[in-house]
*Asks:* 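My questions all concern the structure below.
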Amino acid sequence: MESAASKSAQLTANAAEDLPAGALQAKLELAEREGRPLRVKLGLDPTAPDIHLGHTVVLTKLREFQDQGHRVVLIVGDYTARVGDPSGRSETRPVLSPEAIIANAQSYEAQAGRILDQNPERYELRYNSEWLDMPMAELLALVRTTTVAQLLEREDFSTRYKGGSPISVLELLYPLMQGYDSVAIEADVEIGGTDQTFNILLGRDIQRHYGIAEQAVLTMPILVGIDGVEKMSKTKGNEIAIESSADEMFGRTMRLPDEAMASWFELLAIAPPADGTGARDSKVALAKAIVMRFHDEAAADAAEAQFVSQFAKHELPDEIDEFSFAASDGVVHLPQALAEGFGISRSEARRLVEQGGVKIDGEAVDPAHLDVDSGLLSGSVVQIGRRRFKRFMIDR
RNA sequence: GGCGGGAUGUCCGAGUGGUUAAAGGAGACGGGCUGUAAACCCGUUGGCUCUGCCUACGCAGGUUCGAAUCCUGCUCCCGCCA
């Protein structure tokens, strides 16, 4: 049987920090001694309904715990989402309606099932409203576990405080509530991104105040988005959703800056190509591996072929959505048709035409001729830039 | 309770009566180059029935030939002192 030390080493291999040092290994030893699985906690912020690669970094780590026989406890922060987590943000997040939170959580759980083992032996899902919707007296008991000075140690709080930016009491409460989650479910280990380090560590203090064994902390590095700079997130538009199509996954991966590739290979636990492989080929390998993970090998090959034909050879994509346009007098005013077909404004359509960004069947549109014969346009492929295509069909 | 500061376009941020659809930056988008990378160059970035018109600088009203800029009221936000 594998030793706790080697299991621990395996789990911390691509992690950012294992706090306090050795705590994880101690927990693993404890589990062995007591012959029980560890309860490994992950808090979910139910604001974004779609799981993207950034989420999978932590989920994959949880899966490793499951594969070692431990039990994952997902906490849907339905109650805390009414507060807003200020992590890494300079401003307060908007609050969500209870309906939206539940819908998001369900969608999240369904998608998380693609990575996690949802066998009840190894998996548990809880909503923190279950215990956070507490009487005032209990809240006060929670609040007295922590001092303001402790909270202000958190970097973004202290930065904002020093800079004279607002910090609401509600935000200060967030780490306390998250910590109480660990009390409620008696977490042995809590996992999160490095931006959660403070919150997770504070959870230990709170557990101690409640007379519960302190959790081990394991943080994972943050995966940058396809812009190569910012944390992957849907609001920044730099994400790759695990539900997206093979072509989209492939294409979006290819837009990743070279410098970010190494971190993607590591955090997504994809074997990097042999030394000496060129940057572009490495990226292709990365893109294929990602597609393979969420689709299959055939899809990955197809996506690569599609990519090569479309972007290297400048051929049309295999599948082009149709757009039916209405034509009166047998003439179509292009800005209007483009606006309707691509969901942009007419002014924007005009600008694109002027800049030579609009092509009909591969021919750049002449800005002087914005009215085109509807019969000629019908059946043509209209393209904006490199990535947007629509087959225009006359609507009889 | 007292004092002070603020609300501008996707974001940040200039602008205190007149070529201001609003400097500059970021981001984004289009073109060139290319590996849908980076770097670099050029251009665009409120809407429209587009040599012009409409809308826009927290909300409402007012002064003025003319206001994001001045006045009044309102809403919201923030800091400091207590």
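Just so it is clear, the model here is predicted, and its values are computed rather than measured.
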*Asks:* If only side-chain N and O atoms of A:Arg388 are considered, is one of them under 4.0 Å from the OP1 or OP2 phosphate oxygen of B:G30?
*Replies:*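 For B:G30, OP1 or OP2 has a side-chain N or O of A:Arg388 closer than 4.0 Å.
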
*Asks:* Only pairs with both distances under 3.5 Å count, Watson-Crick or wobble alike; so what is the partner of B:A21 in this structure?
*Replies:*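 Looking at the geometry, B:A21 pairs with no nucleotide.
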
*Asks:* Taking the nucleotide of RNA chain B with the closest heavy atom to each, which residue, A:Val358 or A:Glu248, is nearer the 5' end?
*Replies:*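 Mapping each residue to its closest nucleotide by heavy atoms, the 5'-most match is A:Val358.
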
*Asks:* Without decimals, in angstroms, what is the distance between A:Ile226 CD1 and B:G27 P?
*Replies:*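 About 15 Å, once rounded to whole Å.
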
*Asks:* Go nucleotide by nucleotide along RNA chain B from the 5' end; which of A:Gly385 and A:Glu259 gets its closest nucleotide reached first?
*Replies:*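 Closest to the 5' end, via its nearest nucleotide, is A:Gly385.
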
*Asks:* Taking NZ, NE, NH1 and NH2 as the nitrogens, is one of them in A:Asp50 or A:Lys234 under 4.0 Å from a carboxylate oxygen of the other?
*Replies:*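 Salt bridge flag = yes for A:Lys234 with A:Asp50.
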
*Asks:* What is the distance, rounded to the nearest whole Å, between atom CG of A:Leu352 and atom P of B:G30?
*Replies:*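 From A:Leu352 CG to B:G30 P: 7 Å.
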
*Asks:* Rounded to the Å, how far apart are A:Ile344 CD1 and B:U44 P?
*Replies:*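 A:Ile344 atom CD1 is separated from B:U44 atom P by 17 Å.
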
*Asks:* Using the P atom in both, what is the distance from B:C77 to B:G62, to the nearest Å?
*Replies:*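 After rounding to an integer number of Å, I get 28 Å for this pair.
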
*Asks:* Determine the interatomic distance between C1' on B:A38 and the same-named atom on B:U44; round to the nearest Å.
*Replies:*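 Each nucleotide's C1' atom is 22 Å from the other's.
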
*Asks:* Taking atom P of B:G32 as reference, at what distance in whole Å does atom NZ of A:Lys359 sit?
*Replies:*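 Computing the A:Lys359:NZ to B:G32:P distance gives 6 Å.
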
*Asks:* Rounded to whole angstrom, note down the P distance from B:U19 over to B:G13.
*Replies:*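 Each nucleotide's P atom is 25 Å from the other's.
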
*Asks:* Return the orientation label for the A:His55 and A:Tyr108 ring planes: parallel under 30°, perpendicular over 60°, tilted otherwise.
*Replies:*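 Taking A:Tyr108 first and then A:His55, their aromatic rings stand perpendicular (interplane angle over 60°).
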
*Asks:* Nearest to the side chain of A:Asp258 - B:A38, B:G35, B:C48?
*Replies:*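 For the A:Asp258 side chain, the nearest candidate turns out to be B:G35.
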
*Asks:* Is A:Arg351 close enough to B:C48 that one of its side-chain N or O atoms is under 4.0 Å from OP1 or OP2 there?
*Replies:*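 So the side chain of A:Arg351 is outside the cut-off, no N or O lying under 4.0 Å from OP1 or OP2 of B:C48.
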
*Asks:* What do you reckon, are the aromatic ring centroids of A:Tyr180 and A:Tyr210 less than 6.0 Å apart?
*Replies:*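 Under 6.0 Å, so yes.
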
*Asks:* Using the P atom on both, measure B:U69 against B:A56 and round to a whole Å.
*Replies:*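 Per the computed distance, 13 Å lies between those P atoms.
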
*Asks:* Rounding to the closest angstrom, what is the interatomic distance between B:A23 and B:G9 at atom P?
*Replies:*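 After rounding to an integer number of Å, I get 13 Å for this pair.
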
*Asks:* A:Arg255 has a side chain; which of B:G30, B:U36, B:G35 sits nearest to it?
*Replies:*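 Closest nucleotide among those given: B:U36.
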
*Asks:* Report yes or no: do A:Ser345 and A:Ser347 form a side-chain donor-acceptor pair below 3.5 Å?
*Replies:*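 Absent: no donor and acceptor within the cut-off.
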
*Asks:* B:G43 base to A:Gln355 side chain: any donor-acceptor pair below 3.5 Å?
*Replies:*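 For A:Gln355, whose side chain was compared with the base of B:G43, there is a donor-acceptor pair (under 3.5 Å).
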
*Asks:* Take the protein atom CH2 of A:Trp264 and the nucleotide atom C1' of B:A37, then report the distance between them rounded to whole Å.
*Replies:*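 Going from CH2 in A:Trp264 over to C1' in B:A37 covers 12 Å.
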
*Asks:* Indicate whether OP1 or OP2 belonging to B:G46 is found under 4.0 Å from a side-chain N or O atom of A:Ser347.
*Replies:*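 For A:Ser347, the contact criterion (side-chain N or O under 4.0 Å from OP1 or OP2 of B:G46) is not met.
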
*Asks:* Any Lys/Arg nitrogen of A:Glu214 or A:Arg208 sitting under 4.0 Å from an Asp/Glu carboxylate oxygen of the other?
*Replies:*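 Between A:Arg208 and A:Glu214 there is a salt bridge, with a charged N closer than 4.0 Å to a carboxylate O.
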
*Asks:* Would you mind pulling out the nucleotide paired to B:G27, Watson-Crick or G-U wobble, both distances under 3.5 Å?
*Replies:*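 Pair assignment: B:G27 / B:U45.
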
*Asks:* I'd like to know if the side chain of A:Arg252 reaches the main chain of A:Glu239, judged simply by a donor and an acceptor atom lying under 3.5 Å from each other, with no hydrogens or angles considered.
*Replies:*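 Yes, because the side chain of A:Arg252 sits within donor-acceptor range (under 3.5 Å) of the backbone of A:Glu239.
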
*Asks:* Please report the distance, rounded to the nearest Å, between CZ in A:Phe311 and C1' in B:A37.
*Replies:*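 Result: 14 Å.
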
*Asks:* Which base, if any, makes a Watson-Crick or G-U wobble pair with B:U75, both distances under 3.5 Å?
*Replies:*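 Check on B:U75: paired to B:A7, both distances under 3.5 Å.
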
*Asks:* Taking B:U55 as the reference, what is the distance to B:A7 when you measure between their P atoms (whole Å, please)?
*Replies:*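 That atom pair is separated by 24 Å.
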
*Asks:* Write down the distance between CD (A:Glu340) and C1' (B:C48), rounded to a whole number of angstrom.
*Replies:*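 A:Glu340 atom CD is separated from B:C48 atom C1' by 14 Å.
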
*Asks:* Tell me yes or no: between the side chains of A:Gln178 and A:Ser182, is some donor less than 3.5 Å from an acceptor?
*Replies:*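 Judged by distance alone, the side chains do not pair up.
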
*Asks:* Between B:G35, B:G30, B:U36, which one does the side chain of A:Phe307 approach most closely?
*Replies:*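 The answer is B:U36.
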
*Asks:* Rounding to a whole Å, what distance do you find between A:Leu338:CG and B:C48:C1'?
*Replies:*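 To the nearest whole Å, that distance equals 16 Å.
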
*Asks:* Give the nucleotide from the list B:G35, B:C29, B:U34 with an atom nearest to the side chain of A:Arg386.
*Replies:*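 Nearest to the side-chain atoms of A:Arg386, counting from C-beta on, is B:U34.
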
*Asks:* For B:G6 and B:A14, measure between their P atoms and round to the nearest Å.
*Replies:*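 Here B:G6 and B:A14 have their P atoms 11 Å from each other.
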
*Asks:* Considering every strand shown, what is the Watson-Crick or G-U wobble mate of B:G1 when both distances are under 3.5 Å?
*Replies:*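 B:G1 is paired with B:C81.
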
*Asks:* Checking only heavy atoms, does the side chain of A:Asp227 share a donor-acceptor pair with the base of B:G27 at less than 3.5 Å?
*Replies:*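 No pair found.
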
*Asks:* Looking at A:Arg387, does any N or O in its side chain come under 4.0 Å of the phosphate oxygens OP1/OP2 on B:C29?
*Replies:*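 Answer is yes, contact under 4.0 Å.
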
*Asks:* With rounding to the closest Å, how many angstrom separate the P atoms on B:G15 and B:G5?
*Replies:*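 Straight-line distance between the two P atoms is 15 Å.
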
